[in-house]
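Protein chains get the first letters and strands the later ones, always in sequence-line order, with residue 1 at the start of each.
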Amino acid sequence: GAVVSQHPSWVICKSGTSVKIECRSLDFQATTMFWYRQFPKQSLMLMATSNEGSKATYEQGVEKDKFLINHASLTLSTLTVTSAHPEDSSFYICSARPWDVLTYEQYFGPGTRLTVT
Amino acid sequence: AQSVTQLDSQVPVFEEAPVELRCNYSSSVSVYLFWYVQYPNQGLQLLLKYLSGSTLVKGINGFEAEFNKSQTSFHLRKPSVHISDTAEYFCAVRPSGSSNTGKLIFGQGTTLQVKP
């Protein structure tokens, strides 16, 4: 149980285009989902926290107009990188926190490798 | 605010040898503590967690960690490593308050390199 999927697993796009990444909790409902960015050989940097049905909370320094997050249902959150540039190339990982408040864990997706050319 | 420091960026070790990956944290409030493992080009997998109770926690794949409140440490250990343990390991904390969103604060990561 507690499986989180991401789609696509990797994507290559041209500079100036937009890319959407999906994060799904497959066997549980997630009131909260988190989006992380990871550069090579570095730690995970939290970009934003999204709660179902409300606006995402972005971390300091993250452009909310560039990284659009939608959490329309209890099993799906999307991250759209708008007008992507080569510096947006990175590994994006989502995690989901189950609805059950007694659960202290987050479950991580397998990540999406974005390359902007 | 919380912060996590993993004291070693890389730990090389021979197969079947013991290993310890060090993690220290700072926080003005009580926290929950986690260790995650990341294999290349994959997401994170939970190894173990400390929420309360016994300070020695056992996780998957033969790993264990000990919470030391006075030293604000949560070091990860394994008595005998395998080649397959080669991966990146992350220590993380989150405040234990019920109002917390569950946001995790990660350390910088430690690369465990197991050599034959």
A.B. asks: Is the number of heavy atoms from other residues, nucleotides or ligands within 6.0 Å of NZ (A:Lys66) greater than 12?
C.D. replies: yes

A.B. asks: Are B:Leu21 and B:Phe67 connected into the same hydrophobic cluster when the rule is that any two of I, L, V, M, F, W, Y join if their side-chain heavy atoms are below 4.5 Å apart?
C.D. replies: yes

A.B. asks: Select one option (side chain, backbone, both, neither) describing which atoms of B:Tyr36 are under 4.5 Å from chain A's heavy atoms.
C.D. replies: side chain

A.B. asks: Please check if atom OH in B:Tyr39 has more than 12 non-hydrogen atoms from other residues, nucleotides or ligands closer than 6.0 Å.
C.D. replies: yes

A.B. asks: Could you give the distance from CD (A:Gln38) to CD (B:Glu88), rounded to the nearest 0.5 Å?
C.D. replies: 7.5 Å

A.B. asks: To the nearest 0.5 Å, tell me how far A:Leu44 CG sits from B:Leu104 CG.
C.D. replies: 9.5 Å

A.B. asks: If hydrophobic clusters are built from ILVMFWY residues whose side chains come within less than 4.5 Å, do B:Leu112 and B:Leu7 share one?
C.D. replies: no

A.B. asks: Report whether B:Leu47 and B:Phe74 are members of the same hydrophobic cluster (ILVMFWY, side-chain heavy atoms less than 4.5 Å apart, transitive linking).
C.D. replies: yes

A.B. asks: Quick check on B:Phe106 against chain A: is it the side chain, the backbone, both or neither that has a heavy atom closer than 4.5 Å?
C.D. replies: both

A.B. asks: With a 4.5 angstrom heavy-atom cut-off, which part of B:Gln6 approaches chain A: side chain, backbone, both or neither?
C.D. replies: neither

A.B. asks: Using the rule that two of Ile, Leu, Val, Met, Phe, Trp, Tyr join whenever any of their side-chain heavy atoms come within less than 4.5 Å, decide whether A:Trp35 and A:Val11 are in one cluster.
C.D. replies: yes

A.B. asks: Side chain, backbone, both or neither: which part of A:Gln6 has a heavy atom under 4.5 Å from chain B?
C.D. replies: neither

A.B. asks: Out of curiosity, B:Leu46 CG to A:Tyr107 OH, how far, rounded to the nearest 0.5 Å?
C.D. replies: 8.0 Å

A.B. asks: Atom NZ of B:Lys103 and atom OG1 of A:Thr57: how far apart are they, to the nearest 0.5 Å?
C.D. replies: 9.0 Å

A.B. asks: According to a hydrophobic-cluster definition based on side-chain heavy atoms being under 4.5 Å apart (Ile, Leu, Val, Met, Phe, Trp, Tyr only), do B:Val13 and B:Trp35 belong together?
C.D. replies: yes

A.B. asks: Does A:Ser43 reach the main-chain N or O of B:Gly107 with its side chain, forming a donor-acceptor pair under 3.5 Å?
C.D. replies: yes

